[in-house]
Amino acid sequence: MRSRTRPGAASARRQPVRLAPPMKQDIEQLLHAALAHLKGSVLPEDLPLSNLGLERTRDTANGDYASNVAMRLAKQAKLPPRELAQKIVAALPLSPALARVEIAGAGFINFFLAGSAQADVVRRVHELGAAFGRNGSGGNRRILVEFVSSNPTGPLHVGHGRHGAFGASVANLLEANGWSVHREYYINDAGRQVDILAVSVWLRYLEACGGKFRFPANGYQGDYVREIAADLLQKAGESLCRPDGEVFGNLPADEPEGGDKETYIDAVIGRARQLLGDQGFREVSDLALAAILADMENDLTEFGVIYDRWYSERSLAENGAIDRALDRLRKQDHVYEKGGALWFRATTFGDEKDRVVVRENGVKTYFASDIAYHLEKRERGFDVLLDILGSDHHGYVARVKAGLAAMGEPPESLEALLVQFVSLYRNGEKASMSTRAGEFITLRQLRAEVGNDAARFFYVVRSHDQHLDFDLELAKSRTNENPVYYIQYAHARVASVLRQLAAKGYQLDLALGLASLATLTSQQESALLTQLGKYPELIQLAGANRAPHALVHYLRDLANAFHTWYNAEQFIVEDAATRNARLALALAAQQVIRNGLALLGVSAPETM
RNA sequence: GCGCCCGUAGCUCAGUUGGAUAGAGCAUCGGCCUUCUAAGCCGAGGGUCGCAGGUUCGACUCCUGCCGGGCGCGCCA
């Protein structure tokens, strides 16, 4: 899967993108010319012609494209919509691309493509190959897509998997639309969570030293902590071992003894620092972080989710980015002191309350790092900062936007997509997940169970703002219930046809096929051509809406159009022109499926 | 209480930024393998688009108010 996904996208980028003009733009030009012609007579001279209301039809009975412009301009033209539509159609320049234009319903103008124009898409697909569908609508603007950014305190679980699959697909889509895309993972390596991780590892290490004690209620209890502890034992020997009495003497009670688990874990952290020294503690902490980050990167890489940069929160403090951000706020007079803390006047910028940036104890808040990080992204020259966040982070968006505005950066440069939660179902029952208790299902386990293709596919099959029920049985079933195979099967079938072609002693003559596209006139062929023609528009739409699920649905419809045709018609026939035209169409369908699946990070197999 | 998201067929969900008779998959029922892969195809049934108003030529889509579900509202990260 790795070898099929990323390199495919990369090689597509290297190909020259010839802009064979999509059909929609051609028709828009015709319509524009007609309306311009009517200005001053039927239509007002100063009428802006920005939106022509031209769209793909749902039903080809209404043509390939339809415009509602006559209905919307009827009032200004002081004419009934159908009458205005007639004048527009009369003013339409002649074009070989159009078979006919009809007026229908309340005043729709329906455009029917000529068969030759419809079949032209096959030629374009063969010309452009992996670049078919890619376009320059992004204008090479620079966008930083930040996603997953899970706390490095344990393995990635199934929720992170959705973020990974969604973020990677959105990034691919943006790239296909001509954006300059940078993929980034923000590592929260500066906070208390990391201390809890470090102390959890150390305590498991102490157990290996022979220590006997109750593990803190608030510690990380997963098996991975023991593995890291074993690693620590190998690297550090017994040099970090300390007797139980020194470690646990005079500590407050933990939760099971009626105490507070937060207070208790903080006390254990304090004791660990005291006994190991700051440097010793940092050693444990660094080892734990490195182990977990290596595991996460490996996990994501195997999943086809690859980053340009892993950005450390600690480095923000070390390279002065936090101080720079606070300086900007101070200079603009957007901070004040209260109760010994430093507050950011977020309410000035539409947030619901002011926010602390430096605590009474002098420690900078997580929020201070956040706005510093976003300022730093802007300093690196990114036009759009796309944050893919969990839906529980929605309150955070207004805050960071306020921060950006206060620092003199446009708040619209931050775009946040909130991804809803994932529920895992096994045998119709919801599987529970809790990191602390260590009973979660990891992304790695999920991938092992259902495979990368099914996982990548199922994660993006729903809109990101829709709660996702992930059905394990369905995802791993190798039956017709599983939609991943439906699309892959269409791809494999074309490969199979080519194998059969060779077995029957024929050779593909693509030139003859492309010259014979006029033979593709059946209802199924016409439907497939229409579907292929929609692909470039779909890529633009899915990119603009950050909606990989739209691509999933498109590919299903495309596969359906293909399978229907496959069942209706034999491709390998006697007549050379017909045979090669059909093969050219089949190959074009295969190419578009491959292009679409590549954007989703799903493989396109030759056999199934 | 305030804020964000969701509510569409028995189930899970699309719905091209306000268009034409609201669509898929699964499930149910009925057909199609001497022909390129049946992981496929064809057909049937199934709907008060949560409820009530409003905006206009036209509303699943926009506005208001309810009802129901999820998630957030720390000098935590």
Side-chain angles (χ1 to χ4, degrees), chain A residues 53 55-59 61-62 66 68 71-72 74-75 80-81 104-108 110 151 153 188 190-194 196 262 313 338-343 352-353 355-361 363-367 369-370 390-398 418 420-421 425 461-469 471 474 477-486 488-490 492-501 503-504 524 534 537-538 540-542 544-545 547 549-550 552-554 556-557 559-560 562-573 582-583 586 607-608:
Chain A
E55 278 168 6
R56 276 280 179 184
T57 56
R58 274 211 183 94
D59 187 347
N62 296 321
N68 60 12
M71 276 132 73
R72 289 191 294 110
K75 209 171 266 179
F108 290 101
N110 293 339
N151 281 340
T153 51
N188 296 115
R192 178 169 166 265
Q193 299 300 323
V194 176
I196 298 179
E262 304 285 352
E313 181 188 353
K338 190 179 92 184
L342 190 68
W343 294 72
E352 53 189 19
K353 54 180 92 166
R355 307 288 174 179
V356 172
V357 284
V358 183
R359 293 202 284 266
E360 192 180 358
N361 62 11
V363 177
K364 284 144 191 156
T365 60
Y366 182 83
F367 174 62
S369 312
D370 270 338
S391 61
D392 53 340
H393 282 64
H394 64 79
Y396 153 111
V397 178
L418 302 174
Q420 297 293 319
F421 293 159
Y425 284 80
V461 78
R462 304 286 174 239
S463 166
H464 66 86
D465 55 18
Q466 195 74 235
H467 189 101
L468 179 69
D469 289 332
D471 184 334
L474 179 61
S477 74
R478 308 190 127 281
T479 71
N480 59 352
E481 293 170 20
N482 194 330
V484 190
Y485 295 114
Y486 185 81
Q488 291 183 321
Y489 184 45
R493 263 185 158 173
V494 178
S496 172
V497 169
L498 288 185
R499 287 190 293 271
Q500 280 298 316
L501 185 74
K504 291 183 178 175
Q524 292 83 2
K534 286 180 182 175
E537 296 157 30
L538 184 280
Q540 282 204 28
L541 186 77
N545 292 347
H549 77 278
V552 170
H553 287 102
Y554 168 85
R556 216 218 73 89
D557 289 345
N560 176 246
F562 175 79
H563 287 308
T564 300
W565 176 47
Y566 179 94
N567 275 272
E569 222 111 47
Q570 191 78 15
F571 301 171
I572 303 173
V573 292
R582 286 178 182 171
L583 291 172
T607 59
M608 288 180 72

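Chain naming here is simple, since letters A, B, ... match the order of the sequence lines and numbering starts at 1 in each. Values below: all heavy atoms of this structure, side chains included; hydrogens, waters and symmetry mates excluded. For clarity, every value in this text was computed on a predicted model and none was experimentally measured.
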Visitor: Just to be sure I understand the rule, does Gln524(A) reach a base, reach only the sugar-phosphate, or reach nothing, if contact means heavy atoms closer than 4.0 Å?
Guide: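 If one applies the 4.0 Å heavy-atom cut-off, Gln524(A) turns out to touch nothing in the nucleic acid.
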Visitor: Which part of the nucleic acid does Ile572(A) contact within heavy-atom distance under 4.0 Å: base, sugar-phosphate only, or nothing?
Guide: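 Counting heavy atoms under 4.0 Å across all strands, the contact made by Ile572(A) includes a base.
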Visitor: For Arg355(A), answer base if it contacts any base atom (sugar-phosphate contacts may also be present), sugar-phosphate if it contacts only those atoms, and nothing otherwise; contact means non-hydrogen atoms under 4.0 Å.
Guide: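 Nothing, no nucleic acid heavy atom in range.
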Visitor: Say we look at C67(B) and U56(B): how far apart would their C1' atoms be, to the nearest angstrom?
Guide: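 Roughly 28 Å separates the two C1' atoms.
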Visitor: Looking only at atom C1', what distance separates A14(B) and G25(B), rounded to whole Å?
Guide: 10 Å
Visitor: Considering only C36(B), C73(B), A38(B), which nucleotide approaches the side chain of Lys353(A) most closely?
Guide: C73(B)
Visitor: Is there a donor-acceptor pair closer than 3.5 Å between any side-chain N or O of Asn567(A) and the backbone N or O of His563(A)?
Guide: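 The answer is yes, because a donor-acceptor pair under 3.5 Å joins these two groups.
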Visitor: With a non-hydrogen cut-off below 4.0 angstrom, is Asn151(A) in contact with a base, only sugar-phosphate, or nothing?
Guide: sugar-phosphate
Visitor: In whole Å, what separates the P atom of C41(B) from that of G47(B)?
Guide: 25 Å
Visitor: Of the nucleotides U35(B), A20(B), U17(B), which one has an atom closest to the side chain of Ala104(A)?
Guide: A20(B)
Visitor: In whole Å, measure the gap between the C1' atoms of C60(B) and G19(B) for me.
Guide: 12 Å
Visitor: Out of C36(B), C5(B), A39(B), which nucleotide sits closest to the side chain of Tyr485(A)?
Guide: A39(B)
Visitor: At under 4.0 Å, does any side-chain N or O of Lys75(A) touch on OP1 or OP2 of C57(B)?
Guide: yes
Visitor: Rounded to whole Å, how long is the line connecting atom CE of Met608(A) with atom P of A38(B)?
Guide: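 The answer, rounded to whole Å, is 13 Å.
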Visitor: So which protein nitrogen or oxygen atoms get under 3.5 Å of nucleotides 68-72 of chain B's nitrogens or oxygens?
Guide:
{"unit_1": "C71(B)", "atom_1": "O2", "unit_2": "His394(A)", "atom_2": "NE2", "d": "3.1"}

Visitor: So which nucleotide from G19(B), A20(B), U56(B) ends up closest to the side chain of Met71(A)?
Guide: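 Closest of the options to the side chain of Met71(A): G19(B).
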Visitor: Nearest to the Arg493(A) side chain among A14(B), C57(B), A38(B), which nucleotide is it?
Guide: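 Closest nucleotide among those given: A38(B).
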Visitor: Taking the six-membered ring for Trp, does Phe108(A) stack with A20(B) (centroid gap under 5.5 Å, planes within less than 30°)?
Guide: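 Taking the rule of under 5.5 Å and under 30°, the ring of Phe108(A) does stack on A20(B).
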Visitor: Checking Arg493(A) against Phe562(A): charged group under 6.0 Å from the ring centre and within 45 degrees of the axis?
Guide: no
Visitor: If the P atom of A24(B) is compared with that of G43(B), how far apart are they to the nearest Å?
Guide: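 Taking atom P in both A24(B) and G43(B), they lie 10 Å apart.
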Visitor: Return yes if a side-chain donor-acceptor contact under 3.5 Å exists between Thr153(A) and Gln193(A), otherwise no.
Guide: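 Per modelled atom types, Thr153(A) and Gln193(A) side chains form no pair under 3.5 Å.
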Visitor: Would you mind telling me which residue lines up with the more 5' stretch of RNA chain B, Asn567(A) or Thr607(A), judged by nearest nucleotide?
Guide: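 The 5'-side residue here is Thr607(A).
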Visitor: Considering only atom C1', compute the distance from U55(B) to G40(B) and round it to an integer number of Å.
Guide: 48 Å
Visitor: Have a look at Gly339(A) and say if it touches a base, only the backbone sugar-phosphate, or nothing, with a 4.0 Å heavy-atom cut-off.
Guide: base
Visitor: How long is the line joining CD of Glu537(A) and C1' of U17(B), in whole Å?
Guide: 15 Å
Visitor: So which nucleotide from U16(B), A14(B), C36(B) ends up closest to the side chain of Arg56(A)?
Guide: U16(B)
Visitor: Identify whether any heavy atom of Lys338(A) sits under 4.0 Å from a base atom; if not, whether one sits that close to sugar-phosphate; answer base, sugar-phosphate or nothing.
Guide: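 It contacts base atoms.
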Visitor: Measure the shortest side-chain to side-chain distance between Asn188(A) and Tyr366(A) over non-hydrogen atoms and say whether it is less than 4.5 angstrom.
Guide: yes
Visitor: With a cut-off of less than 4.0 Å, is there a side-chain N or O of Gln466(A) near OP1 or OP2 of U12(B)?
Guide: no
Visitor: Where the side chain of Asp469(A) is defined as all heavy atoms beyond and including C-beta, which of C36(B), C41(B), U12(B) is the nearest nucleotide?
Guide: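 Nearest to the side-chain atoms of Asp469(A), counting from C-beta on, is U12(B).
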Visitor: When the C1' atoms of G15(B) and A22(B) are compared, how many Å lie between them, rounded to an integer?
Guide: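 Going atom to atom, C1' in each nucleotide, I get 8 Å.
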Visitor: Under 4.0 Å between any heavy atoms, over every strand shown, what does Ala74(A) touch: base, sugar-phosphate, or nothing? Just pick one.
Guide: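 Nothing: the residue Ala74(A), judged by heavy atoms under 4.0 Å, touches no strand.
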Visitor: Work out which heavy atom in Glu313(A) is nearest to a heavy atom in Ala190(A); give both atom names and the distance.
Guide: CD-CB, 3.5 Å
Visitor: Are any non-hydrogen side-chain atoms of Asp557(A) and Lys534(A) less than 4.5 angstrom apart?
Guide: no
Visitor: Counting only side-chain heavy atoms from C-beta out, which of C75(B), A39(B), C13(B) sits nearest to Arg359(A)?
Guide: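 Out of C75(B), A39(B), C13(B), the nucleotide with an atom closest to Arg359(A)'s side chain is C75(B).
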Visitor: Choose from A38(B), C41(B), U16(B) the nucleotide whose nearest atom is closest to any side-chain atom of Glu55(A).
Guide: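 So the nucleotide nearest the side chain must be U16(B).
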Visitor: Distance-only, no hydrogens or angles: does the Thr365(A) side chain make a donor-acceptor pair with backbone N or O of Val356(A) under 3.5 Å?
Guide: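 Here the side-chain-to-backbone pair exists.
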Visitor: Measure the shortest side-chain to side-chain distance between Trp565(A) and Phe571(A) over non-hydrogen atoms and say whether it is less than 4.5 angstrom.
Guide: yes
Visitor: Does a side-chain N or O from Arg462(A) land closer than 4.0 Å to OP1 or OP2 of A14(B), or not?
Guide: no
Visitor: Nearest to the side chain of Asn560(A), which nucleotide is it out of C6(B), C42(B), A77(B)?
Guide: C42(B)
Visitor: Flag the pair Phe421(A) / Leu468(A) as yes when at least one side-chain heavy-atom distance between them is below 4.5 Å, and no otherwise.
Guide: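 When only atoms from C-beta onward are counted, Leu468(A) and Phe421(A) do not touch, as no gap falls below 4.5 Å.
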Visitor: Report yes if at least one side-chain N or O of Thr564(A) is closer than 4.0 Å to OP1 or OP2 of C42(B); otherwise report no.
Guide: yes
Visitor: For RNA chain B, what is the dot-bracket line, given that a base pair needs Watson-Crick (N1 to N3, plus N6-O4 or O6-N4) or G-U wobble (N1-O2 and O6-N3) geometry with both distances under 3.5 Å, and | means paired with another strand?
Guide: (((((((..((((.....[...)))).(((((.......))))).....(((((..]....))))))))))))....
Visitor: With rounding to whole Å, what would you report as the distance between U17(B) and G74(B) at their P atoms?
Guide: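 It works out to 39 Å between them.
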Visitor: Please state whether the base of A20(B) and the side chain of Asn110(A) form at least one donor-acceptor pair under 3.5 Å?
Guide: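 Between A20(B) and Asn110(A), which were checked side chain against base, a qualifying N/O pair under 3.5 Å is present.
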Visitor: Looking for any heavy atom pair under 4.0 Å, which part of the strands does Ala550(A) touch: base, sugar-phosphate only, or nothing?
Guide: nothing
Visitor: G15(B) phosphate, OP1 or OP2: any side-chain N/O from His549(A) under 4.0 angstrom?
Guide: yes
Visitor: So, is Tyr486(A) close to the C41(B) phosphate, meaning a side-chain N or O under 4.0 Å from OP1 or OP2?
Guide: yes
